Amino acid sequence: RMPTEQVAGIRPGSATYVGRNKRSVWTIPTSPYSGPHYACVDKDTRCLTSDGWKGHNELSPGQTIATYDIESNKLCWGRLLDAYHYDVADEEMLGAKGRGMDFLLTKNHRCIIQRRKGKREHYWETDIIRAEELKRSHKILVAADWLIWPRDEKYIDPDLAELIGWFVTEGTAGKDTITLYQSGSHNPEYCDEIRNLLDRLGAEYSEWQHQRPYRDRPVLSITWQIRRAIANAVLALCGGKRRLPAGFLLWQEEALRRLYGGLMKGDGHFSGGGRANFVQKDKALLDEVQALMVRLGFATTVSRRSEGTWCLYKTESHSRHLRSEAGNLLRKEKYSGIVWCPVTDKGTFVAKRNGYTFITGNTFPPALVEPMILAGSSPKVCAECGAPWERVVERQQPNGFKPKRYQGDFRGRPDEQAGSRGSRAITDFMEEALNTRRITLGWHPTCSCNGEMKPSLVLDPFAGTATVAQKCIEHGRDYV
């Protein structure tokens, strides 16, 4: 048995899957790998957390991270169990660049893809494959709808969230005031929206209107100065700067959409077909807005304009083809540097590389091996012969519950038609199982050695990140 301190990076986790095993359990690569773990991305790739985009050196276990649930085909918040990284030299990796995607992966990285099912043009199924199995006919997921539980949300007044969007894009901060600016000539409808918003919030504000020259013609400029409670609330949330508040990605859906609306009306532009773009000089703010768009289920890309500003493009498409008019986008290239991967409870995460987002897999989650360890080994075995100890179980049923007996055969036929006393119906077995509580009283040996007991031994022939070892330690097993 390896001492715990020799297993690099082991930290106990408590992820549990409910229901059948995930499909991804069958796509885990089982061939030996010389590196510390199975799946890696390059150092330019970042992942989405509740605090925004983070690199490999900015993560710590326990953080809230965006993950993808392949069963529901939705994104959700999960828990970061760990993050592994190491150096490689002249490693052949697989990448793609173009058509709204950019990634660089190790060949055995677990990729979430969509492939056409049958001959139906618009029917695609989601699957997990290794990067080396990618084909030009596959699609890469770049966005998805979200599954959010109310308990995971932080409530904020939606009106205040929209005001923050206006302040970040069209405002300035004072000591205890904030000031908003808008063109009454070009955007009179936005001016009315701001007035109505301030009135709903009960804000104390003053409004000024004045003419100013713009391209050799006068335009109407409107200024609002907001004071006291509402101004202080905005300044406190934004830290006195024109930045989005910390933890805003955990706000409730309505507040996030109102925040998005304020931001886009300030510095954005809406096009047809669900497309839009957002322009900023501040790259850090643009990254925050991109995280907001991903949280709202939009596909996004970022590019730099010739004049030095940054443009964030948004579409409502959730996947991208691995082919273009020029042919296959996949390429192989040599890479030297840091490769890394987070470990999440869902086995997936949301990534971004050079402004392009995509949804991908990671090192296989501990919850995939935990049922196999528990079902395939006893916590105690005989130290002499190795025979497993058996669980001593007591069955308890609630007072007044009486299991039904002999009500026809499994087809539901009565006893006289069954030709015998019959058998219990399937529904009776289910009812009894649901109303039976099983309590473990202890363990007893299954052999006659009368020797000492020891922990059972679990073999992991490939090791990888020592995920099996981690779960063995948690459940009192030895491992090799």
Side-chain angles (χ1 to χ4, degrees), residues 39-48 53 55 68 75 91-116 121-122 124 126-144 269 271-280 283 286-287 289-291 293-294 297-337 339-341 348-362:
C40 310
V41 295
D42 74 320
K43 64 179 179 61
D44 293 329
T45 304
R46 310 179 79 190
C47 63
L48 180 61
W53 300 103
Y68 179 77
L75 291 169
E91 177 88 4
E92 186 173 76
M93 300 180 69
L94 191 71
K97 186 173 180 62
R99 289 185 62 90
M101 72 175 67
D102 188 333
F103 60 77
L104 187 62
L105 316 169
T106 54
K107 288 184 177 181
N108 51 2
H109 184 84
R110 297 167 63 244
C111 301
I112 302 174
I113 57 102
Q114 287 183 332
R115 65 172 112 225
R116 184 177 286 115
E121 179 69 23
H122 300 291
W124 297 76
T126 304
D127 200 359
I128 297 183
I129 64 174
R130 295 185 293 275
E132 61 188 355
E133 299 172 321
L134 287 172
K135 300 178 181 178
R136 58 177 295 182
S137 59
H138 293 157
K139 285 184 176 181
I140 296 293
L141 282 178
V142 295
H269 174 72
S271 305
R275 296 186 299 273
N277 60 71
F278 181 81
V279 180
Q280 267 292 313
K283 181 61 165 55
L286 195 87
D287 289 339
V289 178
Q290 185 179 26
M293 290 185 180
V294 173
F298 303 137
T300 61
T301 60
V302 174
S303 64
R304 190 166 190 176
R305 292 182 166 183
S306 57
E307 69 272 18
T309 60
W310 296 90
C311 187
L312 169 61
Y313 298 93
K314 163 254 175 183
T315 65
E316 295 184 353
S317 173
H318 284 177
S319 59
R320 297 277 192 270
H321 273 290
L322 281 171
R323 64 172 182 262
S324 67
E325 296 177 357
N328 194 351
L329 297 177
L330 293 170
R331 70 186 192 279
K332 295 180 180 179
E333 64 177 77
K334 294 290 186 178
Y335 171 79
S336 297
V339 290
W340 72 284
C341 202
T348 55
F349 68 104
V350 178
K352 180 177 78 165
R353 185 175 190 266
N354 297 329
Y356 296 84
T357 59
F358 60 99
I359 301 171
T360 191
N362 65 357

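Just so it is clear, the values below take in all heavy atoms, side chains as well, and ignore hydrogens, waters and symmetry mates. Everything quoted here is computed from the prediction, not taken from an experiment. All residue numbers refer to positions in the sequence shown, counting from 1.
Within the model, atoms CG of L329 and CG of L134 stand 11.5 Å from one another, a figure rounded to the nearest 0.5 Å. Taken from CG in D42 to CD in E91, the straight-line distance is 12.0 Å, to the nearest 0.5 Å. The structure places CD of Q280 at 12.5 Å from CH2 of W310, a figure rounded to the nearest 0.5 Å. To the nearest 0.5 Å, atoms CG (N354) and CG (L104) are separated by 10.0 Å. Taken to the nearest 0.5 Å, the OG1 atom of T315 stands 12.0 Å off from the CG atom of N277. Distance check: L94 CG to E333 CD gives 9.0 Å after rounding to the nearest 0.5 Å.
Side-chain contact between R110 and R130 is absent, with no heavy atoms from C-beta onward closer than 4.5 Å. I113 is not listed as a side-chain neighbour of E133, based on a closest heavy-atom distance of 4.5 Å or more. For the pair D102 and T301, the minimum side-chain heavy-atom distance is 4.5 Å or more. With contacts defined as side-chain heavy-atom distances shorter than 4.5 Å, the pair T348/I112 qualifies. Inter-residue side-chain proximity for M101 and F358 is flagged as unmet; no heavy-atom pair is nearer than 4.5 Å. In this structure the side chain of Y68 reaches within 4.5 angstrom of the side chain of T126, judged on heavy atoms.
Nearest heavy-atom pair across L105 and M93 is O-CB, 3.1 Å. When all heavy atoms are compared, the tightest approach of G100 to V142 is O-CG1, 4.5 Å. Between L322 and K135 the shortest heavy-atom distance is CD1-O, 3.4 Å. Closest heavy-atom contact between C341 and H109: SG-CE1, 4.3 Å. Taking both residues in full, the closest heavy atoms of R115 and I129 are given as NH2-CG2, 3.4 Å, listed atom of the first, atom of the second, then distance. Nearest heavy-atom pair across D287 and W53 is O-NE1, 3.3 Å.
W340 and F349 have tilted rings, their planes meeting at an angle from 30° to 60° on a 0 to 90° scale.
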Test side chain to side chain contact (heavy atoms under 4.5 Å, CB included) applied to K352 and V302, step by step: CA-CA 10 Å; K352 180 177 78 165; V302 174; 5.8 Å; no

Pair E316, K314 - check side chain to side chain contact (heavy atoms under 4.5 Å, CB included), show working. CA-CA 7 Å; E316 295 184 353; K314 163 254 175 183; 3.8 Å; yes

Would you please test F278 and L286 for side chain to side chain contact (heavy atoms under 4.5 Å, CB included) and show each step? CA-CA 8 Å; F278 181 81; L286 195 87; 3.7 Å; yes

Steps toward side chain to side chain contact (heavy atoms under 4.5 Å, CB included) verdict (L312, M293): CA-CA 10 Å; L312 169 61; M293 290 185 180; 3.6 Å; yes

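When atom types are taken as modelled, the side chain of T106 and the backbone of C40 share a donor-acceptor pair closer than 3.5 angstrom.
Counting heavy atoms of neighbouring residues, nucleotides and ligands inside a 6.0 Å radius, atom NZ of K332 does not exceed 12 of them.
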